[in-house]
Amino acid sequence: MRRKPRIPPAPLPQRHGVDPVRIKLPPEGSWATARAYLVDRLAAGDGVIDAMIGEGLIVGEGGRPLTAEAAYEPGMFLWFHRELPDEEPVPFPLEVVYRDDHIVVADKPHFLATTPRGSHVAETALARLRRDLGLPELGAAHRLDRLTAGLVLFTVRPGERGAYQALFRDRLIGKEYEAVAPYDPGLALPRTARSRIVKERGVMAAREVAGEPNAVTEVELAEFRDGLARYRLIPRTGQTHQLRVHMNALGVPILGDPLYPVVTGPVPPGDFRRPLQLLARTLEFTDPLTGRAHRFASGRTLEAWTSYATWSTGEHGQL
C-alpha cells in the first residue's frame, strides 16, 4: 500500500476561524526561486508577493519567513493568510443541534456558505463554529449549497473526518429534504427521478444530458394549497444541484431558485430576500466510532409555506 505523503502542521494560527493558505511546490519546475513560482502561479502580481515576502507574511515549515532569494525546492510547503474579502454578515443564527467529543451537527441558515470558498471566507458555517465553539480543528464532513438551509455534519478531530465522510460516500446516511414549489395536479407523485447530471467548471447551472443516470431522487408530495406544494425529497445520490435540477425537470422549480429554470443576475450584497425554499430537514446515521444511532431534525421552516406574502415581498431580508 502506498504511504500517504506527510503534510506538516501549519505554522501559522487561524484568523477569524480561517486556516492559512497552504501551497506545495510541484516536484518539477524551471523556477529558480520560490518567489518566482509564486509570482508566476498566483494572481496577486509580483508587487504583492514581494510586499508579503518583505513583511514576513509567507512562511515555510517551522514558521521560517520566506526570503526573496530562497531557492525553489520541489515539494516545499509554504503558508500565508489570504486577505479576507469584505463580507456582508449573514444576519441569521447558526444553531448547534448536537455536540459530542466527535461531531457537531449544525442547523445552517440560508445564504451562509458551509466552508470558505471564493468571496465567502469568514462568513461561513465552519469559520463561525470554530470561533463560537473554540474548536479550531473542526472540519466539514459534507457541504450544503450556500442557498440551502438545514443540517450539516462537522467533525471535531481531523483524524476522524474520513470515517464520517465515508458515510456519505458509501450512502450509509439517511437524508431528507423539504422544498416549496408550485403545485401541479397533473404531476403523478410519488415518483423517482433518474437522470444524468453534469456540472461544468465555470458554468453556474448544472444540466441533464443523455446517458447512464448518475442522479436519483425520490419525490413525494407532502401537502398543497393555494397553488403551492410542500415536497419531501430523498436524494439517493449526491450530484451538484441534484434536487434543484430534478424539481425543475419535473416542471415545478423550487421557489427562490436563481439558477433553475433561468439563471438570474447576481444579488447585491446585503440582499437576503426570497431565500431558496429548500431545507435539509433530517440526517440519520449510525456513528462509525461510537456505534450510537443518531437522527437529527432541523428546527427551521420554509417561509414561503408558512407566510408566502412575507417571503415574496422579502420584507425581513433586506439590510
Apply side chain to side chain contact (heavy atoms under 4.5 Å, CB included) to the pair Trp79 and Glu61, showing each step before the final yes or no.
CA-CA 8 Å; Trp79 292 263; Glu61 287 193 54; 4.0 Å; yes

Distance-only, no hydrogens or angles: does the His110 side chain make a donor-acceptor pair with backbone N or O of Leu147 under 3.5 Å?
yes

Within a 6.0 Å radius of atom CZ on Arg143, are there more than 12 heavy atoms belonging to other residues, nucleotides or ligands?
no

For Thr33, side-chain contact (heavy atoms from CB on, under 4.5 Å) partners two or more places apart:
Arg35, Ala36

Distance-only donor-acceptor check, side chains Ser195 and His246, under 3.5 Å:
yes

Please walk me through it: do Leu243 and His241 pass side chain to side chain contact (heavy atoms under 4.5 Å, CB included)?
CA-CA 6 Å; Leu243 303 181; His241 296 177; over 6 Å; no

State whether the side chain of Thr237 and the backbone N or O of Val216 hold a donor-acceptor pair below 3.5 Å, judged by distance alone.
yes

Worked check of side chain to side chain contact (heavy atoms under 4.5 Å, CB included) between Leu129 and Leu94
CA-CA 8 Å; Leu129 289 171; Leu94 174 64; 3.5 Å; yes

Identify the two heavy atoms, one from Leu78 and one from Ala34, that lie closest to each other, and give their separation to 0.1 Å.
CD1-CB, 4.3 Å

Excluding sequence neighbours, so at least two apart, what forms salt bridge (charged side-chain N to carboxylate O under 4.0 Å, His left out) with Glu83?
none

Could you tell me if the side chain of Pro190 sits less than 4.5 Å from the side chain of Glu218, heavy atoms only?
no

For Ala127 and Val121 the tightest heavy-atom approach is CB-O, 3.8 Å

Tell me, yes or no, whether the heavy-atom count around His81 atom NE2, taken from other residues, nucleotides or ligands under 6.0 Å, exceeds 12.
yes

Measure the spacing between OG1 of Thr217 and CD of Gln239 and express it to the nearest 0.5 Å.
10.0 Å

Just wondering, do Phe285 and Leu172 contact through their side chains at under 4.5 Å, heavy atoms?
no

Look up atom CG in Asn248 and atom CZ in Arg207, then write down how far apart they are to the nearest 0.5 Å.
14.5 Å

Taking C-beta and beyond as the side chain, do Leu167 and Pro288 meet within less than 4.5 Å on heavy atoms?
yes

NE2 on His120 to CG on Leu112, rounded to 0.5 Å
9.5 Å

Quick check: closest heavy atoms across Thr114 and Ala140, and the distance to 0.1 Å?
CG2-CB, 4.3 Å

Quick check: closest heavy atoms across Pro74 and Pro27, and the distance to 0.1 Å?
CB-O, 3.3 Å

Would you call Arg191 and Glu220 a salt bridge, using N to O less than 4.0 angstrom?
no

By the definition side-chain contact (heavy atoms from CB on, under 4.5 Å), identify the one residue from Leu66, Leu42, Leu57 that meets it with Met52.
Leu57

Apart from Val198 itself, which Ile, Leu, Val, Met, Phe, Trp or Tyr residues share its cluster (side-chain heavy atoms under 4.5 Å, direct or through members)?
Val209

Go through Trp31 and Leu25 one step at a time and tell me if the side chain to side chain contact (heavy atoms under 4.5 Å, CB included) criterion holds.
CA-CA 10 Å; Trp31 301 276; Leu25 275 55; over 6 Å; no

Would you please say whether a donor-acceptor pair under 3.5 Å links the side chains of Tyr183 and Asp226?
no

Which ILVMFWY residues are connected to Val245, directly or by a chain of links, through side-chain heavy atoms under 4.5 Å apart?
Ile197, Met204, Leu259, Tyr260, Val263

What is the distance from atom CG of Leu126 to atom NZ of Lys108, rounded to the nearest 0.5 Å?
12.5 Å

Spacing of CD belonging to Gln242 relative to CZ belonging to Arg236, to within rounding of 0.5 Å:
11.0 Å

Please check: side-chain N/O of Arg128 versus main-chain N/O of Pro93, any donor-acceptor pairing under 3.5 Å?
no

pair Tyr177-Leu144: side-chain heavy atoms closer than 4.5 Å:
yes

Is the backbone of Asp101 close enough, under 3.5 Å, to the side chain of Arg157 for a donor and an acceptor to pair up by distance?
yes

So, do His142 and Gln165 sit near enough that their side-chain heavy atoms are less than 4.5 Å apart?
no

Hey, quick one: are Phe272 and Leu278 part of the same hydrophobic cluster, counting side-chain heavy atoms closer than 4.5 Å, chains of contacts allowed?
yes

Can the positive tip of Arg273 be found less than 6.0 Å from the middle of the six-membered ring of Trp311, inside 45° of the ring normal?
no

Test item: Arg15 side-chain N/O and Pro20 main-chain N/O as donor-acceptor pair under 3.5 Å
no

Donor-acceptor pair between Glu87 and Ser119 side chains, under 3.5 angstrom
no

Are Leu151 and Phe168 linked, directly or through intermediate hydrophobic residues, by side-chain heavy-atom contacts shorter than 4.5 Å (ILVMFWY only)?
yes

Give a yes or no answer on whether the side chain of Asp100 reaches the backbone of His102 with a donor-acceptor pair at less than 3.5 Å.
yes

Using modelled atom types only, decide if a donor and an acceptor are shared between the side chain of Glu178 and the backbone of Glu176 within a distance under 3.5 Å.
no

Is there a donor-acceptor pair under 3.5 Å between the side chain of Ser312 and the backbone N or O of Tyr308?
yes

List, by chain and number, the other hydrophobic cluster members for Ile234, where Ile, Leu, Val, Met, Phe, Trp and Tyr join if side-chain heavy atoms come within less than 4.5 Å, directly or indirectly.
none

Give a yes or no answer on whether the side chain of Arg274 reaches the backbone of Gly256 with a donor-acceptor pair at less than 3.5 Å.
no

Where is the tightest heavy-atom contact between Pro258 and Arg244, given as atom of each residue plus distance?
CD-NH2, 3.8 Å

Has the side chain of Arg230 got a donor or acceptor atom that lies under 3.5 Å from a matching backbone atom of Ala179?
no

Cluster question for you: counting only ILVMFWY and a side-chain heavy-atom cut-off of under 4.5 Å, with indirect links fine, are Met247 and Phe224 together?
yes

What about Val96 and Val90, same hydrophobic cluster or not, with Ile/Leu/Val/Met/Phe/Trp/Tyr joined at side-chain heavy-atom distances under 4.5 Å?
yes

What I'd like to find out is whether the side chain of Ile23 reaches to under 4.5 Å of the side chain of Tyr37, using heavy atoms alone.
yes

salt_bridge(Glu212, Arg196) N-O dist < 4.0 Å:
no

Could you tell me if the ring centre of His294 sits under 6.0 Å from that of Tyr98?
yes

List, by chain and then residue number, the residues other than Val262 in its hydrophobic cluster (Ile/Leu/Val/Met/Phe/Trp/Tyr, side-chain heavy atoms under 4.5 Å); write none if there are no others.
none

Evaluate salt bridge (charged side-chain N to carboxylate O under 4.0 Å, His left out) for Asp287 paired with Arg292, printing each intermediate quantity in order.
CA-CA 5 Å; Asp287 192 298; Arg292 182 174 180 178; over 6 Å; no

Are Phe154 and Val97 joined in one hydrophobic group, where the rule is that I, L, V, M, F, W and Y side chains link up if heavy atoms are under 4.5 Å apart?
no

